[in-house]
Colleague: 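Below are the structure tokens for one structure; questions will follow.
A, B, ... follow the sequence lines: proteins, then strands. Residue 1 opens every chain. Because the structure is a prediction, the values reported are computed rather than measured. Excluded from the calculations below are hydrogen atoms, water molecules and symmetry mates; all remaining heavy atoms, backbone and side chain alike, are included.
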Amino acid sequence: MAEYTSLEKIRLAKIEALRAAGIEPFPHRAERTHTSTQAIASFEKAEKEAGQAAPAEMKATLAGRLRAVRPMGKVTFAHIEDGDGRIQLFLRANDIGEDKLELFNRTFDLGDFIQAAGFIFRTRTGEVTLHVQDFRMLSKAVSPLPAAKDEATSDGQVIRHAALEDPELRARQRYADLAVNPEVRQVFRRRAAIIRALRQFLDERGFLEVETPILQPIYGGAAAKPFVTHHNQLKQDLYLRISFELYLKRLLVGNLERVYEMGRDFRNEGVSYKHNPEFTQLEFYWAYADYLQVMELTEQMVAYVAEKVLGTLRVTYQGHELDFTPPWRRLEMRQGLKETTGIDIAAHPTAESLFEALKKTGKMPDPRATRGKLIDFMLSEFLEPTLIQPTFLYNYPRDISPLAKSKPGDPLTVERFEAYVAGFELCNAFTELNDPLDQESRFLEMGRDYAAEDEEKHPMDDDYLRAMRYGMPPNGGFGMGVDRLAMLLTDKHSIRDVLLFPHLRETKEN
RNA sequence: GGGCGCGUAGCUCAAUGGUAGAGCACUGGCCUUUUAAGCCAUUGGUUGAGAGUUCGAGCCUCUCCGCGCUCACCA
């Protein structure tokens with residue numbers, strides 16, 4: 001049972017009062033002829049056409065949420081906000097009667113959804129306003145919105161004098177955040193536009209969008225701990241997928257040459273400003289292409305999205321001026337590490353030798369790490385933070401890339417790249433391993449490397465190997481965190497700001 | 001998981017260890033073109049939860065809860 005605050009009790013009493021007066025505070029149907037923006041635009045157009053003469057009377061029925069009320073005796077001004085903007089209402093006792101104005105002033109509150117009909121005019125101070133001839137309640141708000149006061153100037157600007165700012169409340173009650181902070185609605189409109197543009201780009205190039213299982217008997221395709229669930233009737237444990245990779249590549253075996261999927265991945269790991277337990281991933285696989293072709297497609301795709309969504313390839317992100325114009329900088333990992341650490345990884349073919357070299361840098365890596373893990377450590381410790389402008393880092397160590405194809409003549413290195421922007425990883429791609437015998441031995445190797453830590457052990461996927469034995473075309477594969485792209489294109493520091501309902505710890509009330 | 005910080009009215013924020021306050025919102029009154037409308041009068045609190053020190057705790061100590069930053073983890 002809800003516990004009501006004193007403010008809520010007052011509003012509940014108003015609901016009773018409305019019903020007692022024969023007015024339903026939650027009617028079934030509503031009417032509307034214009035949105036606020038449409039009403040203002042068509043009135044201004046009519047004004048322009050009329051020139052010096054007064055424009056013909058323009059009737060309108062509007063609907064929206066009450067965001068400001070200024071009662072002045074026998075006249076009340078109010079603002080309603082709808083999906084695309086705000087408009088002022090003018091209620092006068094002469095037009096609607098003193099009783100109805102009294103009803104409005106006594107029982108209508110900020111946050112209520114209302115409908116108002118009348119004609120559009122301009123007030124003395126010049127604001128386009130609905131002169132209300134009739135109005136009704138559409139939905140009574142029991143709880144006041146957690147909003148401070150806004151100032152609406154006559155030229156349509158809204159000045160925020162205080163706002164809902166508590167990041168926890170904003171994330172837990174995103175509905176309230178959206179209702180009182182219009183710029184949040186813009187972030188999620190832009191996110192939708194990003195996702196739409198990604199689909200368009202891939203669709204136009206002959207990629208087929210597919211859907212593969214989220215509940216998987218064997219998880220794979222990434223090194224992450226999975227969420228475990230259980231099917232009761234089948235008495236079977238299932239994992240929420242940590243990547244789409246192994247299923248999408250099965251489709252290449254089935255002669256689908258270009259496939260992609262955009263959807264949710266789940267990783268049972270730490271939560272941070274760039275990690276959420278569930279996140280949106282885009283993966284595509286492209287038969288007869290290699291990682292260099294994927295690299296080109298990647299920079300084109302991101303540039304396409306930025307152009308579509310923002311109309312520019314130059315983006316301000318957390319104070320950095322980023323330029324997504326292709327071609328992006330290409331930096332071989334070995335070269336990048338040599339420049340930032342002075343260590344040439346090619347001169348250290350074993351973990352022991354690389355560890356000794358790293359000790360001299362003053363940063364201490366995990367002494368049990370494999371060579372690949374040590375290189376990964378060097379990457380995140382020294383190189384990653386320097387990669388602000390979009391950069392392709394390519395040629396990765398083999399032992400942290402069990403699904404990527406080796407570089408010809410270099411058994412320690414695979415054909416893999418990651419794109420870094422603003423110091424964090426945006427995407428990951430490689431020339432996919434399609435030799436079933438090599439793949440099997442890589443799985444076995446991983447099993448050995450991770451044997452100590454059971455949860456991270458990469459399970460052998462026999463069905464995947466069976467598929468590959470039928471023959472998999474050479475191909476390039478790609479994966480990107482869509483939330484991270486959304487962060488870049490909305491200038492948000494935290495992944496929580498681009499997720500409508502980010503994961504938060506349970507509270508006692510819940 | 002570690003370190004640092006934060007949590008006070010519906011919202012935004014004050015308050016030397018000494019009676020918990022302001023603005024907005026709310027409630028009542030005046031006001032027929034206002035723009036955070038204005039003026040007058042009110043109301044509103046288990047200071048995140050619990051324990052301790054003290055004559056006295058929003059403030060000091062401890063435990064717990066939540067959030068933020070950061071480190072670790074993270075193909």
Side-chain angles (χ1 to χ4, degrees), chain A residues 5-11 13 67-79 86 88-95 98 101 106 109-111 121-127 129 131 143-172 176 180 220-225 242-243 245 267-275 277 366 370 372-373 375-377 379-381 396-404 414 416 418 425 428-430 446 449-450 453 455-456 458 479 493-494 496 504-510:
Chain A
T5 66
S6 59
L7 297 179
E8 288 165 336
K9 284 174 185 161
I10 289 163
R11 289 176 176 226
R67 291 307 309 278
V69 181
R70 294 179 294 282
M72 303 182 54
K74 298 289 187 289
V75 164
T76 291
F77 287 91
H79 273 91
R86 284 186 184 213
Q88 183 168 251
L89 307 183
F90 175 60
L91 298 91
R92 196 168 62 168
N94 299 20
D95 306 304
E98 290 202 18
L101 187 62
R106 292 209 173 273
D109 289 303
L110 298 183
F121 77 116
R122 219 177 251 282
T123 61
R124 275 181 206 161
T125 52
E127 182 165 356
T129 300
H131 193 126
S143 305
L145 288 171
K149 211 160 189 176
D150 291 344
E151 175 180 2
T153 60
S154 54
D155 56 2
Q157 298 278 31
V158 174
I159 300 165
R160 199 85 57 80
H161 287 280
L164 176 61
E165 279 175 352
D166 177 9
E168 181 179 356
L169 188 62
R170 291 180 62 182
R172 280 192 202 281
V180 303
K225 294 174 191 166
I242 58 172
S243 90
E245 174 148 4
R267 296 188 182 175
N268 205 341
E269 284 166 356
V271 178
S272 79
Y273 73 96
K274 51 183 178 180
H275 297 89
D366 182 346
T370 63
K373 288 262 182 190
I375 292 172
D376 203 38
F377 171 83
L379 168 62
S380 51
E381 200 69 25
Y396 273 63
R398 179 179 181 274
D399 71 280
I400 54 168
S401 314
L403 300 163
V414 292
R416 170 179 170 190
E418 292 185 342
E425 178 192 339
N428 179 19
F430 27 90
M446 291 308 282
D449 286 348
Y450 287 97
E453 305 146 83
E455 279 181 304
E456 277 195 12
H458 205 286
H493 169 68
S494 171
R496 284 184 170 165
L504 292 172
R505 219 175 284 264
E506 210 172 26
T507 57
K508 269 177 269 176
E509 307 91 79
N510 300 334

Colleague: Below 3.5 Å is the cut-off: list the nitrogen or oxygen pairs between protein and nucleotides 5-12 of chain B, distance only.
Modeller:
{"residue": "B:U12", "atom": "OP1", "partner": "A:Glu165", "partner atom": "N", "Å": "3.1"}
{"residue": "B:U12", "atom": "OP1", "partner": "A:Asp166", "partner atom": "N", "Å": "3.2"}
{"residue": "B:U12", "atom": "O3'", "partner": "A:Glu165", "partner atom": "OE1", "Å": "3.2"}

Colleague: What integer distance in Å separates A:Glu381:CD from B:C74:C1'?
Modeller: 14 Å

Colleague: Check whether any side-chain N or O of A:Arg122 sits under 4.0 Å from OP1 or OP2 of B:U34, and answer yes or no.
Modeller: no

Colleague: Could you pick out which residue, A:Val271 or A:Pro167, lies toward the 5' side of RNA chain B when each is mapped onto its nearest nucleotide?
Modeller: A:Pro167

Colleague: Between B:C62 and B:C26, how far apart are the two C1' atoms, rounded to whole Å?
Modeller: 39 Å

Colleague: Starting the side chain at C-beta, find the nucleotide from B:U34, B:C69, B:C74 nearest to A:His493.
Modeller: B:C69

Colleague: Quick check for you: among B:A75, B:U33, B:C26, whose closest atom lies nearest to any side-chain atom of A:Ala223?
Modeller: B:A75

Colleague: Counting side-chain heavy atoms from CB outward, which of B:G28, B:A37, B:C26 is closest to A:Met72?
Modeller: B:A37

Colleague: Could you pull out the closest heavy-atom pair between A:Ser243 and A:Gly221, with the gap in Å?
Modeller: OG-CA, 3.2 Å

Colleague: Between atom NZ in A:Lys74 and atom P in B:U34, what is the gap in whole Å?
Modeller: 17 Å

Colleague: Quick one: label A:Phe90 by what it contacts on the DNA or RNA (base, sugar-phosphate, nothing), any heavy atom closer than 4.0 Å.
Modeller: base

Colleague: Once you round it to whole Å, what is the distance between C1' of B:U34 and NE2 of A:His131?
Modeller: 14 Å

Colleague: Ignoring the backbone of A:Glu168, work out which of B:U35, B:G66, B:U32 is nearest its side chain.
Modeller: B:G66

Colleague: Give a yes/no answer on whether the side chain of A:Arg124 brings an N or O atom under 4.0 Å of OP1 or OP2 in B:U34.
Modeller: no

Colleague: For a quick check of understanding: with a heavy-atom distance under 4.0 Å over all strands, which category does A:Arg11 fall into, base, sugar-phosphate or nothing?
Modeller: nothing

Colleague: Heavy atoms under 4.0 Å, any strand shown: does A:Arg267 hit a base, just sugar-phosphate, or nothing?
Modeller: nothing

Colleague: I want to verify a distance call: between B:A75, B:U27, B:U35, whose nearest atom is closest to the A:His79 side chain?
Modeller: B:U35

Colleague: Just how far, in rounded Å, is C1' of B:A72 from CG of A:Asp376?
Modeller: 14 Å

Colleague: Assign A:Phe430 to base, sugar-phosphate, or nothing according to its heavy-atom contacts below 4.0 angstrom with the strands shown.
Modeller: nothing

Colleague: Rounded to whole angstrom units, what separation is found between the CZ atom of A:Arg67 and the P atom of B:C24?
Modeller: 18 Å

Colleague: Among the nucleotides B:U33, B:C74, B:U32, which one has an atom lying closest to any side-chain atom of A:Lys373?
Modeller: B:C74

Colleague: What is the distance from NE2 of A:His275 to C1' of B:C73, rounded to the nearest Å?
Modeller: 9 Å

Colleague: Looking only at atom P, what distance separates B:G2 and B:A37, rounded to whole Å?
Modeller: 48 Å

Colleague: What is the ring orientation for A:Phe90 with A:His131, classed by angle as parallel under 30°, tilted 30 to 60°, or perpendicular over 60°?
Modeller: perpendicular

Colleague: If you compare all heavy atoms of A:Lys373 against all heavy atoms of A:Ile400, which two are closest, and at what distance to 0.1 Å?
Modeller: N-CG2, 3.8 Å

Colleague: Please determine, for the side chain of A:Glu269, which listed nucleotide (B:U34, B:C74, B:G29) has the closest atom?
Modeller: B:C74

Colleague: What distance, rounded to whole Å, do you find between the two P atoms, one in B:U35 and one in B:G29?
Modeller: 23 Å

Colleague: Between atom CG in A:Leu101 and atom P in B:C31, what is the gap in whole Å?
Modeller: 12 Å

Colleague: So, do A:Tyr396 and A:Phe430 have ring centers that fall under 6.0 Å from each other?
Modeller: no

Colleague: Between B:A75 atom P and A:Glu425 atom CD, what is the distance in whole Å?
Modeller: 9 Å

